[in-house]
Amino acid sequence: MTLPLWTSLTTIFAVWLVVAMAPGPNFFATIYTATTQSRRLGLYVSAGIAVGTTIWATASLAGLGILFQTTAWLYQAVKLAGGLYLVYLGIRTILSARHARAASPARLGALSPLQAFRRGLVVDLSNPKAAIFFTSVFAVAVPPQAPLWFQALVVATVVMIAAGWYALVACLVNLPPVAAALRRAHKAMSYVTGLVFVALGARLATDR
């Protein structure tokens, strides 16, 4: 691989690593599922996020971000749908906290692996700004004549970062000392998570 391609890949790696690690809907969905359900289901959420990242990154390379930028109504429609889903998820989380006495899957209603995966996928896909972000980064960092194998490597890189980071989060919150602390603060954490989802969803749906 040539030096310009190495430089491009390193730039994308560094930028996306910082963005992926910043707390957001994906982070809260992973940590909430891993603490109120199980590490295994938290990992399924991270897998759903990875698939969502694959879709956004691949679509951005194919020009979806440019389509969103030139077709305002489509972008707003996707953004509204994603925002409403986050608000719905936040309200459900708050209501579950009001009725839950402990962080127990039996009391909260255990998710199936498919439901956990779908949660991660839909939360990730709820934010169409990801397409704009990837398009902007790729436009700057990916050479116009980059070969197809390099574009595939770029997508694989951002997906591996997302999958690895959220899988790590799911595992870390289940370490005995961390898990014990989170169980004690379960209700407060559920309220905070729910409010974060509602706030982010409302902002996403109303932002122009």
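This is a predicted model, so every value here is computed, not measured.
Considering only heavy atoms from C-beta on, Thr93 stays 4.5 Å or farther from Phe28 through its side chain. Between Leu41 and Arg119, the closest side-chain pair of non-hydrogen atoms is not below 4.5 Å. Inter-residue side-chain proximity for Tyr85 and Leu204 is flagged as unmet; no heavy-atom pair is nearer than 4.5 Å.
Atom CE in Met21 sits 14.0 Å away from atom CG in Asn26 (nearest 0.5 Å). Here the OH-CD distance, from Tyr32 to Gln37, works out to 8.0 Å after rounding to the nearest 0.5 Å. Taking CD of Gln151 as the reference point, atom OG of Ser8 lies at 11.5 Å (rounded to 0.5 Å). Atoms CD1 and CZ, from Ile94 and Phe197 in turn, are 10.5 Å apart once rounded to the nearest 0.5 Å. A distance of 8.5 Å separates OH in Tyr191 from CG in Leu95, rounded to the nearest 0.5 Å. Rounding to the nearest 0.5 angstrom, the gap separating the CD1 atom in Ile12 from the OG1 atom in Thr157 is 7.5 Å.
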Where do Thr53 and Trp16 land on the side-chain contact (heavy atoms from CB on, under 4.5 Å) test, with the steps shown first?
CA-CA 11 Å; Thr53 301; Trp16 178 237; 4.0 Å; yes

Show the numbers, then the answer: is there a side-chain contact (heavy atoms from CB on, under 4.5 Å) between Leu43 and Cys171?
CA-CA 8 Å; Leu43 292 174; Cys171 292; 4.2 Å; yes

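Using bins of under 30°, 30° to 60° and over 60° for the plane-to-plane angle, the ring pair Phe27/Trp165 lands in the parallel bin. Aromatic ring orientation, Phe138 versus Phe134: parallel (interplanar angle below 30°, classes split at 30° and 60°).
Across Ala116 and Val45, no two heavy atoms sit closer than the pair O-CG2, 3.3 Å. Counting all heavy atoms, side chain and backbone alike, Ala50 lies closest to Val159 at O-CG1, 3.9 Å. Taking each heavy atom of Ala130 and Ser60 in turn, the nearest pair found is O-OG, 4.4 Å. Closest approach of Ala202 to Val87, counting heavy atoms only: N-CG2, 3.6 Å. When all heavy atoms are compared, the tightest approach of Ile31 to Thr35 is O-OG1, 2.7 Å.
No more than 12 heavy atoms of other residues, nucleotides or ligands sit less than 6.0 Å from atom CZ of Phe13.
Connection of Phe133 to Tyr75 is established within a shared hydrophobic cluster, with ILVMFWY side chains joined at heavy-atom distances below 4.5 Å, either directly or through further cluster members. If you chain together hydrophobic residues whose side chains sit under 4.5 Å apart, Ile66 and Val142 never meet in one group. Under the 4.5 Å side-chain heavy-atom criterion for Ile, Leu, Val, Met, Phe, Trp and Tyr, Leu86 and Ile49 are members of the same hydrophobic cluster. Taken together through direct or relayed side-chain contacts under 4.5 Å among Ile, Leu, Val, Met, Phe, Trp and Tyr, Val122 and Trp56 form part of one hydrophobic cluster. Under a hydrophobic clustering in which Ile, Leu, Val, Met, Phe, Trp and Tyr are joined whenever their side-chain heavy atoms come within less than 4.5 Å, directly or via other members, Met160 and Phe150 fall into different clusters.
When atom types are taken as modelled, the side chain of Thr30 and the backbone of Gly42 share no donor-acceptor pair closer than 3.5 angstrom. At least one donor-acceptor pair under 3.5 Å links the side chain of Tyr166 to the backbone N or O of Ala20. A donor-acceptor pair under 3.5 Å is formed between the side chain of Asn174 and the backbone N or O of Ala170. Thr58 places no side-chain N or O within donor-acceptor distance of the main-chain N or O of Ile55, the cut-off being under 3.5 Å. Formation of a donor-acceptor pair under 3.5 Å by the Asp124 side chain with backbone atoms of Val51 is not found in this model.
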